[in-house]
Protein chains: 2
Amino acid sequence: MTTPQLTKNQSLVFDVLEKAEGPLSAYTILDKLRDHGFRAPLQVYRALEKLLEYGVVHRLESINSFVACAHPGDDCHSHGIVAFAICESCGQVTEFHDHEVDHRLMSWVRGQKFKPEKTTIEIRGLCEACAA
Amino acid sequence: MTTPQLTKNQSLVFDVLEKAEGPLSAYTILDKLRDHGFRAPLQVYRALEKLLEYGVVHRLESINSFVACAHPGDDCHSHGIVAFAICESCGQVTEFHDHEVDHRLMSWVRGQKFKPEKTTIEIRGLCEACAA
DNA sequence: TTGCAATTGTTATGTTATTACATCAATTGC
DNA sequence: GCAATTGATGTAATAACATAACAATTGCAA
């Protein structure tokens, strides 16, 4: 999928996520955009919905937060399943991909005749710096 | 880890989850236990916290719900990473394990010197029956 | 210019989870 | 025995996350 021109609100939300050091909750994004006229959660959630659809933002299910995709300009959908390592101390998130993992999961799924729509892989723990 | 004797509230919550057909939210569990004297969310969350710790219940991060472990009596912690296929139509959840997936994820993690604490793998989609 | 679709604004509400504080019961050490 | 500690529970209030419903506006194509 090609990412269409972003609307005003979508751009604002995306910029906040790009500039952030780590994942942000929807309400944190809202607070950062109050100066730009944002008043309600829906303004954020609606923008996020589109950004997720375009694949330029990921949702971290285990911490109810959002991050900009680590592949600027690139289309993340083409990389297969996205996995994340999330540091519970500093909040740093590392995105990675492993084709063998994809392959194993998808082959299990095929065996079950299960039709996958969206797969989540999140490893929470401590990054090298924080574990020291 | 060996599962200790469950307390009254822990037993009540666990029984509800065991008898359920699929995953339940904390508030659904609360409603089912009103007749047994439950009045507040915390009674459920506290019991769940212990049941998760003992490994007899799993939390599904992507749908904010809880299920009894599919290995009755057995200690789930010994199976490595637990993965789930969640049907978005009927709510059915299938638990599975794949050592090769574990191995690939843990070897990536080692390369990063990341120290994993808890790993989530959830595939949402349609089960065979619902996809038909 | 009229009509449609997408975006945005606003209010209210629904859902999920935790904080703070009080009470009670079992156990331990003196 | 009886303080002291620990773990479980009860209760109220609030915080954090997410969506429903409806109105207004904008961009654009027929």
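All values derive from a computational prediction rather than experimental measurement. Within every chain, numbering begins at 1; the chains are lettered A, B, ... in the order of the sequence lines, protein sequences first and strands thereafter.
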**Item:** Rounded interatomic separation in angstrom, taking CG from B:Leu30 and P from C:dT18
**Value:** 15 Å
**Complete:** Contacts of B:Phe96 meeting ring pair (Phe, Tyr, Trp, His ring centres under 6.0 Å) (sequence neighbours excluded), chain-then-number -> A:Trp108
**Message:** One pair to check against side chain to side chain contact (heavy atoms under 4.5 Å, CB included): A:Val67 and A:Leu60. What are the steps and the verdict?
**Reply:** CA-CA 8 Å; A:Val67 279; A:Leu60 302 175; 4.2 Å; yes
**Request:** Taking salt bridge (Lys or Arg N to Asp or Glu O under 4.0 Å) as the test, write out the residues that go with B:Asp31, two or more places apart.
**Result:** B:Arg34
**Residue pairs, two or more places apart or on separate chains, that pass ring-ring contact (aromatic ring centres under 6.0 Å, His included) and touch residues 112-132 of chain A** = none
**Request:** Measure the distance from CG on A:Leu48 to P on C:dT7 and round it to the nearest whole Å.
**Result:** 14 Å
**Message:** Can you measure A:Leu12 atom CG to C:dT8 atom C1' for me and round it to whole angstrom units?
**Reply:** 12 Å
**Fill in**
Residues of residues 34-47 of chain A with a heavy atom under 4.0 Å from any atom of DNA chain C, listed by number, are A:Arg39, A:Ala40, A:Leu42, A:Gln43, A:Arg46
**Prompt:** In whole angstroms, how far is the C1' atom of C:dT7 from the NZ atom of A:Lys50?
**Reply:** 9 Å
**Message:** Side-chain N or O of B:Asn64 versus OP1/OP2 of C:dA17: is the shortest distance under 4.0 Å?
**Reply:** yes
**side chain to side chain contact (heavy atoms under 4.5 Å, CB included) between B:His97 and B:Ile81, intermediate numbers included** = CA-CA 6 Å; B:His97 308 265; B:Ile81 298 169; over 6 Å; no
**Item:** All pairs passing salt bridge (charged side-chain N to carboxylate O under 4.0 Å, His left out) where residues 122-131 of chain A contributes a residue, at least two apart
**Value:** A:Arg124-B:Glu61
**Item:** Distance in angstrom units between A:Leu51 CG and C:dT7 C1', rounded
**Value:** 14 Å
**Complete:** The Watson-Crick or G-U wobble partner of C:dC30, with both key distances under 3.5 Å, is D:dG1
**Asked** How close or far is atom P of C:dT15 from atom CD1 of B:Ile63, stated in whole angstroms?
**Response** 16 Å
Tell me which donor-acceptor pairs under 3.5 Å the side chains of residues 39-52 of chain A have, and how far apart each pair is, sequence neighbours excluded?
unit_1  : atom_1 : unit_2  : atom_2 : d
A:Gln43 : OE1    : A:Arg39 : N      : 2.6
A:Gln43 : OE1    : A:Ala40 : N      : 3.0

**Message:** Going 5' to 3' along DNA chain D, which are the first and last nucleotides with any atom under 4.0 Å from a heavy atom of chain A?
**Reply:** D:dC17 to D:dA21
**Request:** Figure out the CD/P separation between A:Gln10 and C:dG9, and round it to whole Å.
**Result:** 12 Å
**Asked** Who passes ring pair (Phe, Tyr, Trp, His ring centres under 6.0 Å) against B:Phe38, sequence neighbours left out?
**Response** none
**Message:** If the condition is salt bridge (Lys or Arg N to Asp or Glu O under 4.0 Å), which residues does A:Lys32 pass it with, not counting sequence neighbours?
**Reply:** none
**Request:** Could you tell me the separation between the CD1 atom of B:Ile29 and the C1' atom of C:dA17, rounded to a whole number of Å?
**Result:** 13 Å
